[in-house]
Every structure is written in structure tokens, then in C-alpha cells.
Amino acid sequence: MEQNTETSKQQGVTFHPAPKPVTPIVAETWPVDEVLGLFDLPFNELLFRAQEVHRREFPDGDVELATLLSIKTGGCEEDCGYCPQAARYDTGVEAKKILGITEVLDAARSAKESGATRFCMGAAWRSPKDRDMEKVEEMVRGVKALGLETCATLGMLKEEQAARLKDAGLDYYNHNLDTAPEFYDNVISTRDYQDRLDTLGYVRNAGLKVCCGGIVGMGESRRQRAGLIAQLANLNPYPESVPVNHLVQVEGTPLFGTEELDPLEFVRTIAVARITMPRARVRLSAGRRQMGEPVQAMCFLAGANSIFYGDKLLTTENPEASDDRVLLEKLGLRTRAKVESGGCK
Ligand code: SAM
Ligand code: DTB
Ligand code: SF4
């Protein structure tokens, strides 16, 4: 295949040389109008359809618990309008040095003891420097050796960095499209949409699983929410893991003060993600603390089957782990760890 032997440009997507044949990263499976048609369904009809897909694809109905650790906090040079870690916004987040291996492994061990099956390491970087890579690879090797699935989100990658992470034992790379292409310039100016697609292409080519989602509640229209989901669903193949974040409004960021999204619209977004990406782990991500139990329960009904588990996201609050255990128990939802170990709950 020509696209594997030389860099070429087709339909706005750059293909890069890869050692083995790969398929183009974008397909046209879900036109935006069709995705919008799902959003426009009567609420109960939409949830019914999402439940049908969810039960068919995930008969165990388990919920994955993923614990997040900020391995490098604050001081980021980018201008993402939602982000408390961007150095240019006065949000009270202090820039810190990269964590040491012991601290990371202690956190991973305690995540595992609490029932998490995936451990995600996040860094406030535009992209990792080569000197950072060795440290991150050591972390990945250590976390993997504990028997956890590994995930990292370090910003934009070069092709060889993706391959190095794969060699170290990384399972997933998280890199979000964040929003629809049409809304993107309202949120970020220091990297463009194509940069994100390029990184996702390198991640795929390296044989890593893709964790890719976005944020809703940033002032985008319903059509633009449909545009984000269409972009994700048209990745070829679509991501194995899809974090749907609700904007956490942080004082000092440009998006602070954005009009709040109707919670039912957030539930709709989860349902549409489930229908368009049937086998993906759809993760109810940032913003759960502000949602309360009834909205989260509706999100699980709409097809969410993964959460960030632990009292903190990267810099903002997540529900207490003990409250999450109570909620899952109340809803009769089993964790993936319990299902895989043959436990009854
Ligand atoms: N610096 C890397 C990057 O941007 O790719 C990795 C870390 S970054 C914090 C990971 C993702 O967190 C962002 O792409 C965004 O989707 C999400 N995020 C950041 N701040 C958020 C906020 N205030 N509310 C909701 N999601 C947020
Ligand atoms: C993702 O999509 N959401 C997570 C994870 N990937 C890295 C991050 C949410 C960050 C929320 C804001 C904060 O805590 O700083
Ligand atoms: Fe930096 Fe990532 Fe925050 Fe953007 S989202 S400012 S790249 S840490």
C-alpha cells in the first residue's frame, strides 16, 4: 500500500510510513446529520436504543474503574481554554516537577488494592521531551508489572515516541479531540485539530489502544456535540475507550462562567457515544462530582461503563472513592475487577 511506504495526504489526513499495513485513520461511517438525528430522538427512545446496544455488546454490564494520577502538574505552555494547568491562566495550580517512580508505583499499588483495573498517568505537557520519555517508560514498566492496564496522556507524540511507549508495555494512549472541528478554534489556538489526528495515527500505528474523547458543556451547540461524536466514531477503527468529560469550570480559565449545560443533554451525549461506538468503553469522566447520583445513574443507563475512580482527577475533585462504592452498590453495578475474578458483585 502506497500510504505505508511514503507520507501522503488524502482527505486532509496525513499518512506516515509504518512497518506494517495500516488502514486509513478516518472512515465515513457516521455522517454528522445522522449523529444529530440520534441526539434529536425523544429521550426515552434514545436511551432505549442505547440500552439495547449496551446489553448486546456488554452482557456482563460491568463498570471499569480507572485511577488517574497527575505525574507532572501545571506550568503547561498550551492555551486550552478549559484547563487549570495552563501556565498563562491564574488558577492557583502550581507547576511541579515530574513525580518520582516510587510515588507513582505507591499510587498504582493502592489503586489496584481499591479495585481499579486501569492506571492512567497524565502530564501537563504540550508534548514529552526526550529526557522525559525514559522516566515515563520506567513508570509504565513498573505499573504494568503490578498487573494493571496502563494508560498515559502526555500531549502530542512523535511517531517514535509512540513506539517507545508500546515497547515499555503501554496499553492505551489518551489523546482527546476535545470538541468538533468547527468549535475547536474557540477553545485552543496553540495546536490544531490535525495535530491531534496525527498523534492518534501514530498511536494506532504503534499498536497501542486508543483512548480518545472530548469535553461537553463548553458552549458548543448540539450540532457541534454531534460533530465531536461523529469525529470519534469515524476514526477507523473507533477508539477502544471514549472519555466523555463534562467541563469542570475552574476560576481563572477563559471558559469559567460558561452557561451550564442541561444535565439531560450530557446523558444524551453518553447515549449517542454508546450507539455509535458499540464496543467502546464509554467513560463517564470529569464533572461527576458536580452531577450527583441521579444524573450519573442515567449515564450508566445510557451506556457509560467506565469511570475515573479516586478522590482526585488531575487537579480537580472527583467523588470520594467510598461514595462511588456506595453508588455502584445502590445501582447493583458490578466492577470489571469483580466480574473478571468471578465475584458475585
Ligand atoms: N497535556 C495533555 C494533553 O492535553 O493532551 C494531557 C493532559 S490533559 C489535562 C487531558 C484532557 O483532560 C484534555 O484533553 C481535556 O479533554 C481534559 N480536561 C482538562 N481540563 C478539563 C476540565 N477543566 N474539564 C473537563 N475536562 C478537562
Ligand atoms: C480525560 O479525558 N479526562 C481526564 C483524563 N482524560 C486525563 C482528565 C480530566 C481533567 C479534569 C481537570 C483536572 O482535574 O485538572
Ligand atoms: Fe496543557 Fe493538556 Fe492542559 Fe492543554 S489540556 S493546557 S496541553 S495540560
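Ligands are counted one by one from 1 in listed order, and the atoms in each one are counted from 1 as well.
For Cys76, the nearest N, O or S atom to atom 1 (Fe) of ligand 3 falls under 2.8 Å.
Looking at Ala286, Gly155, Gly287 and measuring to atom 5 (O) of ligand 1, the nearest heavy atom belongs to Gly155. Between Thr153, Val216, Leu255, it is Thr153 that holds the heavy atom closest to atom 10 (C) of ligand 1.
Short contacts between ligand 3 and Glu78, defined as distances under 4.0 Å to a heavy atom of the residue, involve ligand atoms 1 (Fe), 4 (Fe), 6 (S), 7 (S). If you number the atoms of ligand 3 from 1 as listed, the ones under 4.0 Å from a heavy atom of Tyr82 come out as 5 (S).
A cation-pi arrangement is not found for Arg268 relative to Phe43, the charged atom failing to lie both closer than 6.0 Å to the ring centre and inside a 45° cone about the ring normal.
Protein heavy atom closest to atom 13 (C) of ligand 1, with residue, atom name and distance, is Tyr82 OH, 3.7 Å. Counting only heavy atoms of the protein, atom 6 (N) of ligand 2 lies nearest to Asn174 OD1, 3.0 Å. Trp125 O, 4.5 Å is the protein heavy atom nearest to atom 2 (Fe) of ligand 3. Atom 3 (N) of ligand 2 has its closest protein heavy atom at Asn245 OD1, 3.0 Å. At the shortest separation from atom 12 (C) of ligand 2 among protein heavy atoms lies Thr316 OG1, 3.6 Å. Atom 8 (S) of ligand 3 has its closest protein heavy atom at Ala124 CA, 3.5 Å. The nearest heavy-atom contact from the protein to atom 5 (C) of ligand 2 is Phe308 CZ, 3.7 Å.
Within the 4.0 angstrom cut-off, atom 8 (S) of ligand 1 has no protein heavy-atom neighbours.
Residue-to-ligand polar distances place Asp178 within reach of ligand 1: an N/O pair is separated by less than 3.5 Å. The shortest N or O to N or O distance between Ala124 and ligand 1 is not under 3.5 Å. Below 3.5 Å of separation, one finds no N or O of Gln85 facing any N or O of ligand 2. The N/O atoms of Thr153, backbone and side chain alike, include none that comes under 3.5 Å of an N/O atom in ligand 2. For Asn176, a nitrogen or oxygen atom sits less than 3.5 Å from a nitrogen or oxygen atom of ligand 2, counting backbone and side chain alike.
Of all the heavy atoms of Cys83, the ones lying under 4.0 Å from any atom of ligand 3 belong exclusively to the side chain. Counting heavy atoms closer than 4.0 Å to ligand 2, residue Val248 contributes nothing at all. Heavy atoms from both the backbone and the side chain of Thr315 come within less than 4.0 Å of ligand 2. Residue-level proximity to ligand 3 for Arg191 is carried by the side chain, the only part with a heavy atom below 4.0 angstrom. When heavy-atom distances to ligand 2 are checked against a 4.0 Å cut-off, Leu314 comes that close through both its backbone and its side chain. Here Pro84 has side-chain heavy atoms under 4.0 Å from ligand 2, and that is the only part of it that gets that close.
Here Thr179 contributes atom OG1 and Tyr184 contributes atom OH; the two are 10.0 Å apart, rounded to the nearest 0.5 Å. The distance from atom CD of Glu113 to atom CZ of Arg109, rounded to the nearest 0.5 Å, is 8.5 Å.
A salt bridge links Glu240 to Arg204: at least one charged side-chain nitrogen sits closer than 4.0 Å to a carboxylate oxygen. A salt bridge is defined here as a Lys NZ or Arg NE, NH1 or NH2 lying under 4.0 Å from an Asp or Glu carboxylate O, and Asp132 with Lys72 fails to meet this definition. Between Asp171 and Arg118 there is no salt bridge, since no side-chain N of the basic residue sits under 4.0 Å from a carboxylate O of the acidic one.
Within the 4.5 Å cutoff, the side chain of Glu182 has no heavy atoms near those of the Arg223 side chain.
Follow the hydrophobic side-chain contacts under 4.5 Å out from Met121 and you never reach Leu68; the two are in separate clusters.
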